[in-house]
Number of protein chains: 2
Amino acid sequence: MKKTILVFSGLILALILLFQISTFSIHSGHLKIEFILAIIAIVFLIIGIYINKKSLHNKVKDSNEINHQKLKDLEITPREYEVLQAISEGLSNKEIATKLFLSESTIKTHVSNVLLKLNAKRRTQALQIAKKYHII
Amino acid sequence: MKKTILVFSGLILALILLFQISTFSIHSGHLKIEFILAIIAIVFLIIGIYINKKSLHNKVKDSNEINHQKLKDLEITPREYEVLQAISEGLSNKEIATKLFLSESTIKTHVSNVLLKLNAKRRTQALQIAKKYHII
DNA sequence: ATTTATTTGGTACTTTAGTATGACCCTCCT
DNA sequence: AGGAGGGTCATACTAAAGTACCAAATAAAT
């Protein structure tokens, strides 16, 4: 955030400077008007593209970002979350057990808890709900 | 596509006109230079924002759009695809059967075919692969 | 008109998934 | 010290998912 403020402050200063130079140059006749206009146009076109890229990029990011608050609200523990992620990778309970060096029983316990907390009847439904909540 | 060409042609013409008016106004002294500069700046800022919004929007759209070609390549039939979509909604075979007015046997057949065609061992894995292929 | 692809459905079977319950261990907190 | 929360694992069970067949109807294509 601090970076953004600094960048924008510098940008505004640079633009004012550009304006002043432009008007001065035109008045004194050092540069052609068309040239100045073209520079202004290009500079602001680039600024426009840049601003939009930033804001849209953040939007896209947000919609893909994990909602950690929701995870807390649902009281899903770290281990349970690991299992949920493994489910979203299409792994079976046995495969998840191997991956996390646990027994299948433990995975079943975790899965059952996740289903309870997400209010899902099946792991596929859990995935759908988890996506809705932006937690995977 | 035709629309885009027309819009851009019009836009370029308008900009050239704006340029001509600007230079004329400045030379004849009807308007202040600062005013002209400000208008040029704002216009191009807006154009920059607009161009970027268009291109980025299409990018986002593309990444979420269904790859119909891939569906054909995988030889997934319409009915099988319906079942795949129902799976991604977290439904059980019985629920899918009810939804599509079919027997559970039929759903099982479709599911098995989808798993074969997607080279998946489970429905959750099918979902993961289908997402990778952008077909859901 | 015969082939081809799609869709539907069945039986019988194996494998996974999921539930219920209880137990043990650890760590952090008061 | 006792309790709460998290993690691990087991048994025993039910439910769901998935496989392997087979069979038959339909519609589109050649």
Side-chain angles (χ1 to χ4, degrees), chain A residues 66-133 135-136, chain B residues 66-133 135-136:
Chain A
I66 293 160
N67 188 343
H68 296 284
Q69 188 53 48
K70 192 71 194 174
L71 268 175
K72 279 183 195 167
D73 292 351
L74 292 168
E75 295 178 28
I76 292 175
T77 68
R79 216 38 162 171
E80 285 162 2
Y81 185 55
E82 274 188 283
V83 172
L84 179 58
Q85 286 178 313
I87 290 174
S88 81
E89 289 166 16
L91 302 182
S92 70
N93 289 339
K94 200 170 285 179
E95 287 170 340
I96 299 171
T98 304
K99 186 183 179 183
L100 301 180
F101 305 107
L102 296 174
S103 82
E104 198 185 338
S105 303
T106 308
I107 304 302
K108 282 190 177 187
T109 307
H110 287 320
V111 172
S112 272
N113 289 333
V114 168
L115 294 184
L116 261 177
K117 290 173 181 178
L118 286 178
N119 197 25
K121 284 176 194 149
R122 284 163 292 282
R123 41 172 66 210
T124 47
Q125 198 181 6
L127 290 179
Q128 186 248 317
I129 294 168
K131 255 167 249 150
K132 196 182 75 186
Y133 287 157
I135 58 177
I136 55 168
Chain B
I66 294 160
N67 188 343
H68 295 284
Q69 188 53 47
K70 192 72 195 177
L71 269 176
K72 278 184 194 166
D73 292 350
L74 292 168
E75 295 178 27
I76 291 175
T77 67
R79 216 39 164 167
E80 284 162 1
Y81 185 55
E82 273 189 283
V83 172
L84 178 59
Q85 285 178 316
I87 289 174
S88 81
E89 289 166 16
L91 303 182
S92 70
N93 289 339
K94 200 170 286 178
E95 287 169 341
I96 298 170
T98 304
K99 188 183 179 183
L100 301 181
F101 305 105
L102 297 173
S103 81
E104 198 184 338
S105 302
T106 308
I107 304 303
K108 282 189 179 190
T109 307
H110 287 319
V111 171
S112 271
N113 289 334
V114 168
L115 294 185
L116 261 177
K117 290 173 181 178
L118 286 178
N119 197 26
K121 284 175 193 149
R122 284 163 291 283
R123 41 172 67 208
T124 47
Q125 198 182 5
L127 291 180
Q128 185 250 315
I129 294 169
K131 256 167 247 150
K132 194 183 73 183
Y133 287 157
I135 58 177
I136 55 168

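Proteins come first, then strands; the chains are lettered A, B, ... in the order of their sequence lines, and each starts at number 1.
Straight-line distance from the CZ atom of A/R123 to the P atom of D/dG18: 10 Å, rounded to whole Å. Between A/E80 atom CD and D/dG6 atom P the separation is 8 Å, expressed in whole Å. One interatomic measurement links the two molecules: CG of A/L100 to P of D/dC9, which rounds to 11 Å at whole-angstrom precision. Across the protein-nucleic acid pair, A/E104 atom CD and D/dT11 atom P stand 12 Å apart, rounded to whole Å. Between the P atom of D/dG7 and the CD1 atom of A/I107 lies a distance of 12 Å, rounded to the nearest Å. Spacing between atom CD of B/E95 and atom P of D/dA15 amounts to 15 Å, rounded to whole angstrom units. Between the CG atom of A/N93 and the C1' atom of D/dT8 there is a distance of 15 Å, rounded to whole Å. Atom NZ in A/K121 sits about 17 Å away from atom C1' in D/dA17, given to the nearest Å.
Side-chain N/O atoms of B/S112 include none lying less than 4.0 angstrom from OP1 or OP2 on D/dG18. For D/dT8, the OP1/OP2 oxygens have a side-chain nitrogen or oxygen of A/H110 closer than 4.0 Å.
Heavy-atom contacts from other residues, nucleotides or ligands closer than 6.0 Å to NZ of B/K121 number 12 or fewer.
Within the 4.0 angstrom heavy-atom criterion, only backbone atoms of the sugar-phosphate kind lie near B/S92; the bases stay farther away. Across all strands, B/T77 comes closer than 4.0 Å only to sugar-phosphate atoms, never to a base (heavy-atom distances).
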Could you pull out every donor-acceptor pair under 3.5 Å between side chains of residues 87-100 of chain B and any protein atom, sequence neighbours left out?
from: B/S88; atom 1: OG; to: B/Q85; atom 2: O; distance (Å): 2.7
from: B/E89; atom 1: OE1; to: B/K99; atom 2: NZ; distance (Å): 2.9
from: B/S92; atom 1: OG; to: B/E95; atom 2: N; distance (Å): 3.2
from: B/N93; atom 1: OD1; to: B/R123; atom 2: NH2; distance (Å): 2.1
from: B/E95; atom 1: OE1; to: A/R122; atom 2: NH2; distance (Å): 2.8
from: B/E95; atom 1: OE1; to: B/S92; atom 2: N; distance (Å): 2.9
from: B/E95; atom 1: OE2; to: A/R122; atom 2: NH2; distance (Å): 3.3
from: B/T98; atom 1: OG1; to: B/K94; atom 2: O; distance (Å): 3.1

When the side chains of residues 106-120 of chain A are checked against the rest of the protein, which donor-acceptor pairs come out under 3.5 Å, sequence neighbours left out?
from: A/T106; atom 1: OG1; to: A/S103; atom 2: OG; distance (Å): 3.1
from: A/T109; atom 1: OG1; to: A/S105; atom 2: O; distance (Å): 3.0
from: A/N113; atom 1: ND2; to: A/T109; atom 2: O; distance (Å): 3.3
from: A/K117; atom 1: NZ; to: A/E75; atom 2: O; distance (Å): 2.8
from: A/K117; atom 1: NZ; to: A/E80; atom 2: OE1; distance (Å): 2.7
from: A/K117; atom 1: NZ; to: A/E80; atom 2: OE2; distance (Å): 3.1

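Put simply, the side chain of A/Y133 does not reach to within 4.5 Å of the side chain of A/I76, judged on heavy atoms.
If you find the closest nucleotide of DNA chain D to A/S103 and to A/K117, the one lying nearer the 5' end belongs to A/K117. Take the nearest nucleotide of DNA chain C for A/R122 and for B/S105: the residue whose nucleotide is more 5' is B/S105. Toward the 5′ end of DNA chain C lies the nearest nucleotide of B/L102, the other residue of the pair B/K108 and B/L102 mapping further downstream.
Put simply, chain B comes within 4.0 Å of DNA chain C, heavy atom to any atom, from C/dT6 to C/dA17, going 5' to 3'.
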